[in-house]
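Presented below is the structure to which this report refers.
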Amino acid sequence: MKKAIFSSVNLMDSESETASGYMNCVEDIFNSEIIKKLDNFEQHNHTSRLQHSINVSYYSYIWSKKLGLDCRSAARAGLMHDMYFYDWRRPCSLRGYHPLWHALVACDNARKNFGVNNIEADAIKKHMWPCIFTPPKYKEGYIVSMADKYCAVLEFFKGIEAVKKVIGLKAAYVRR
């Protein structure tokens with residue numbers, strides 16, 4: 001998890017202004033044991049939930065910074081937006097509508113573990129807009145929501161390319 005999907009910026013490079021600016025915003029969350037647990041869950045097509053969260057966080061940071069918004073809150077909300085610890089693909093009678101439910105669980109987990117400001121809480125709770133009907137209250141929430149969709153699409157197609165490579169390798173092996 002040294003970079004976001006399709007980014008050339010190594011997030012561990014302290015010489016990089018972009019990487020160090022990003023890490024200054026999220027380092028406490030990024031290095032926490034609880035966020036690392038997200039690596040145990042698949043999110044989109046062979047992408048872990050942790051990698052997806054880093055992707056969303058990084059692009060939320062970049063886009064918010066370019067627009068002169070609160071890039072710190074956007075980056076932190078992006079990193080915590082899917083901080084829930086269950087497989088959403090498995091049905092459970094205790095959970096409600098997943099696009100709404102997981103956002104509420106993630107926000108609760110973020111509050112308990114890191115504390116969140118109003119911008120972060122709103123962005124986490126409403127990152128599934130427009131799948132949920134209540135839009136974000138702050139511009140940073142729209143950024144996190146758009147970054148989430150953008151990264152999901154990139155992750156989906158990157159996963160397809162990985163599968164094609166595996167299938168291609170197997171097909172080449174069989175032909176010999």
Apply ring pair (Phe, Tyr, Trp, His ring centres under 6.0 Å) to Tyr22 and list each qualifying residue two or more places apart in sequence or on a separate chain. Tyr58, Tyr61
Going from CD1 on Ile124 to NE2 on His102, what distance comes out if it is rounded to the nearest 0.5 angstrom? 10.5 Å
Counting only heavy atoms not in Lys137, do more than 12 sit closer than 6.0 Å to its NZ atom? no
Test item: Gln51 and Asn55 side chains (from C-beta on) under 4.5 Å apart, heavy atoms: yes
Among all residues two or more places apart in sequence or in another chain, which pass the side chain to side chain donor-acceptor pair (under 3.5 Å) test with Asp13? none
Side chain to side chain donor-acceptor pair (under 3.5 Å) with Ser53: which residues, sequence neighbours excluded? none
If you round to the nearest 0.5 Å, how far is CE of Met80 from SG of Cys107? 8.5 Å
Quick check: is Leu50 connected to Val56 through a chain of hydrophobic side chains (ILVMFWY, heavy atoms under 4.5 Å apart)? no
Could you tell me the separation between the OG atom of Ser57 and the CG atom of Asp148, rounded to the nearest 0.5 Å? 12.0 Å
Point-to-point distance, once rounded to the nearest 0.5 Å, from OG1 of Thr47 to CZ of Phe156: 11.0 Å
How many angstroms lie between atom CG of Asp70 and atom CD1 of Ile143, to the nearest 0.5 angstrom? 11.5 Å
Heavy atoms of His127 and Asp82 approach each other most closely as NE2-OD1, 3.3 Å
Is there side-chain contact between His52 and His81, with at least one heavy-atom pair below 4.5 Å? yes
Under 4.5 Å between side-chain heavy atoms, hopping through other hydrophobics if needed: is there a path connecting Met12 to Ile62? yes
Across all chains, not counting sequence neighbours, the side chain to side chain donor-acceptor pair (under 3.5 Å) partners of Lys139 are none
Ala74 and Ser60: which non-hydrogen atoms are nearest, and at how many Å? O-CB, 3.6 Å
Is there side-chain contact between Arg76 and Val116, with heavy atoms separated by less than 4.5 Å? no
Who else is in the cluster with Tyr138 when I, L, V, M, F, W and Y are joined by side-chain contacts under 4.5 Å? Ile119
Under 3.5 Å, side chain of Arg49 to main-chain N/O of Tyr84, donor-acceptor pair present? yes
Are any non-hydrogen side-chain atoms of Lys3 and Val9 less than 4.5 angstrom apart? no
If you measure only the distance, is there a donor-acceptor pair under 3.5 Å linking the side chains of Ser32 and Asn113? no
Using the side chain to side chain donor-acceptor pair (under 3.5 Å) criterion, which residues pair with Lys112? Sequence neighbours excluded. Asp108
Minimum heavy-atom separation for Ile35 and Phe30, please, with both atom names. CG2-O, 3.7 Å
When you look at NZ of Lys37, are more than 12 heavy atoms from neighbouring residues, nucleotides or ligands closer to it than 6.0 Å? no
Nearest 0.5 Å, what's the CD-CG distance between Glu120 and Leu79? 10.5 Å
Any donor-acceptor pair under 3.5 Å linking the side chain of Ser145 with the backbone of Trp129? yes
With side chains defined as the heavy atoms from C-beta onward, is the minimum distance between Tyr59 and Phe6 less than 4.5 Å? yes
Check whether Val153 and Val144 end up in the same hydrophobic cluster, where Ile, Leu, Val, Met, Phe, Trp and Tyr are linked by side-chain heavy atoms less than 4.5 Å apart. no
